[in-house]
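Here is the structure we will look at, set down as structure tokens.
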Amino acid sequence: MPGYTAGLPFLTGRSCNRMEIPHPLTIISPHLEDAVFSCGSLLAASRRAMVITVFAGLPDRHQPARARDSAAGFTSARQAMEARRQEDARALATLGAQPVWLDFLSQDEGPRYDPVTIAVRLGRLLALQPGSTILAPMGLRHADHMLVNAACMLVREAAYVDVPETVPSTHPTVASSFRWIFYEEAIHRRVPGALQSRMAGWWQEGLLASPVHMPVGVFTAQKARAVQAYESQLGLFSPAQLADVCAPERYWSLDAADLVR
């Protein structure tokens, strides 16, 4: 993948894995737009995916708008989040996907969370989706993205997820029964060295990333229509950032390095 892995050939798998559109599909999104911006074509291809957005909590009504929210015309942080939830619902409806909004606040407007706290919430939700393919963010550059990635890695590595009381004890859900794929976050992957740094970190942990190809290119137009739903955000991005949203989606699988040598 020219431009993304140059200079780090030892950090990627030897060949591209090809897979059909997975069903059922669950995508974990740090913010309300990340899943559509990064995986919109895959969502269009699936038509029945679930999107779990971690930082979708509603701030206090008296919390002032952040600079970014003010630039979009909002007067409070809550007003911005309520509007963006509506945008997200419209975008995902266009793609036939189901939104699940968690109540965590972005780290620049709320309390600091640790990966374990988020992992517990994600684990309980994923336990209700046995056999799913899980798409998680690579955790590129942004603090929220890195935190969600760390939480996803904890769930992935767990021997068993924490099964809620609503799941019968006769139906065990093993974390390893899920197939985990990681997606490059649009816009953030443009930052020089962001992708290489993430892969180098995995390599140091004994993990090797291999590209995964899924036949989603024909769904670009559907993705573009869904992207337009995030009207309060689009004006905040540069032309180069918006171009990256329209660039081909890229996915990666992880394996123990000693298994692919």
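As the structure is a computational prediction, the values presented were derived from the model and not from experiment.
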Check [X] against [Y] and note the closest heavy-atom contact, atom names and distance.
{"X": "Pro59", "Y": "Met81", "value": "CD-CB, 3.9 Å"}
{"X": "Pro137", "Y": "Cys152", "value": "CD-SG, 4.4 Å"}
{"X": "Ser232", "Y": "Ala72", "value": "O-CB, 3.4 Å"}
{"X": "Ala56", "Y": "Arg85", "value": "O-NH2, 2.8 Å"}
{"X": "Ser210", "Y": "Asn17", "value": "CB-ND2, 3.7 Å"}
{"X": "Ile28", "Y": "Pro30", "value": "O-CD, 4.0 Å"}

As an exercise, state the distance from [atom1] of [X] to [atom2] of [Y], rounded to the nearest 0.5 Å.
{"X": "Leu125", "Y": "Ile52", "atom1": "CG", "atom2": "CD1", "answer": "4.5 Å"}
{"X": "Leu195", "Y": "Glu185", "atom1": "CG", "atom2": "CD", "answer": "9.5 Å"}
{"X": "Tyr251", "Y": "Tyr183", "atom1": "OH", "atom2": "OH", "answer": "9.0 Å"}
{"X": "Thr133", "Y": "Trp180", "atom1": "OG1", "atom2": "CH2", "answer": "11.0 Å"}
{"X": "Met19", "Y": "His213", "atom1": "CE", "atom2": "NE2", "answer": "11.5 Å"}
{"X": "Leu102", "Y": "Ile118", "atom1": "CG", "atom2": "CD1", "answer": "8.5 Å"}

Donor-acceptor pair, distance only, cut-off 3.5 Å: does the side chain of [X] make one with the backbone of [Y]?
{"X": "Lys223", "Y": "Leu95", "value": "no"}
{"X": "Tyr230", "Y": "Leu32", "value": "yes"}
{"X": "Ser29", "Y": "His31", "value": "yes"}
{"X": "Glu33", "Y": "Gln233", "value": "no"}
{"X": "Tyr113", "Y": "Leu105", "value": "yes"}
{"X": "Glu184", "Y": "Ser38", "value": "no"}
{"X": "Asn149", "Y": "Met138", "value": "yes"}
{"X": "Arg78", "Y": "Asp60", "value": "no"}
{"X": "Gln79", "Y": "Phe74", "value": "no"}
{"X": "Arg189", "Y": "Asp244", "value": "yes"}

Min side-chain heavy-atom separation [X]-[Y] under 4.5 Å:
{"X": "Leu126", "Y": "Ser132", "result": "no"}
{"X": "Phe37", "Y": "Val227", "result": "yes"}
{"X": "Val54", "Y": "Leu147", "result": "no"}
{"X": "Pro215", "Y": "Ile21", "result": "yes"}
{"X": "Leu58", "Y": "Trp101", "result": "no"}
{"X": "Asp103", "Y": "Arg121", "result": "yes"}
{"X": "Leu140", "Y": "Val191", "result": "no"}
{"X": "Met214", "Y": "Ser41", "result": "no"}

side-chain contact (heavy atoms from CB on, under 4.5 Å) between Ile181 and Trp252, intermediate numbers included: CA-CA 6 Å; Ile181 304 293; Trp252 301 84; 5.9 Å; no
Chi angles and distances behind the side-chain contact (heavy atoms from CB on, under 4.5 Å) call for Gln222, Thr94: CA-CA 8 Å; Gln222 290 95 316; Thr94 299; 5.9 Å; no
Check the hydrophobic clustering (I, L, V, M, F, W, Y; side-chain heavy atoms under 4.5 Å; chains of links allowed) and say if [X] and [Y] are grouped together.
{"X": "Met146", "Y": "Val148", "value": "no"}
{"X": "Leu43", "Y": "Val212", "value": "yes"}
{"X": "Leu236", "Y": "Val245", "value": "no"}

Lys/Arg-Asp/Glu bridge criterion (N-O < 4.0 Å) met for Arg90, Glu231: yes
Within 45° cone and under 6.0 Å: Arg68 NZ/CZ vs Phe237 ring: yes
Distance-only donor-acceptor check, side chains Asp144 and Ser106, under 3.5 Å: yes
Test log, rule side-chain contact (heavy atoms from CB on, under 4.5 Å), inputs Phe182 and Arg156: CA-CA 11 Å; Phe182 293 84; Arg156 177 183 178 272; 4.0 Å; yes
Result of checking Leu25, Val216, Thr26, Ile27 against Ser46 for side chain to side chain contact (heavy atoms under 4.5 Å, CB included): Leu25
Parallel, tilted or perpendicular: rings of His142 and His145 (30°, 60°): tilted
Verdict with reasoning, Leu254 to Met153, per side-chain contact (heavy atoms from CB on, under 4.5 Å): CA-CA 11 Å; Leu254 285 181; Met153 294 298 288; 4.0 Å; yes
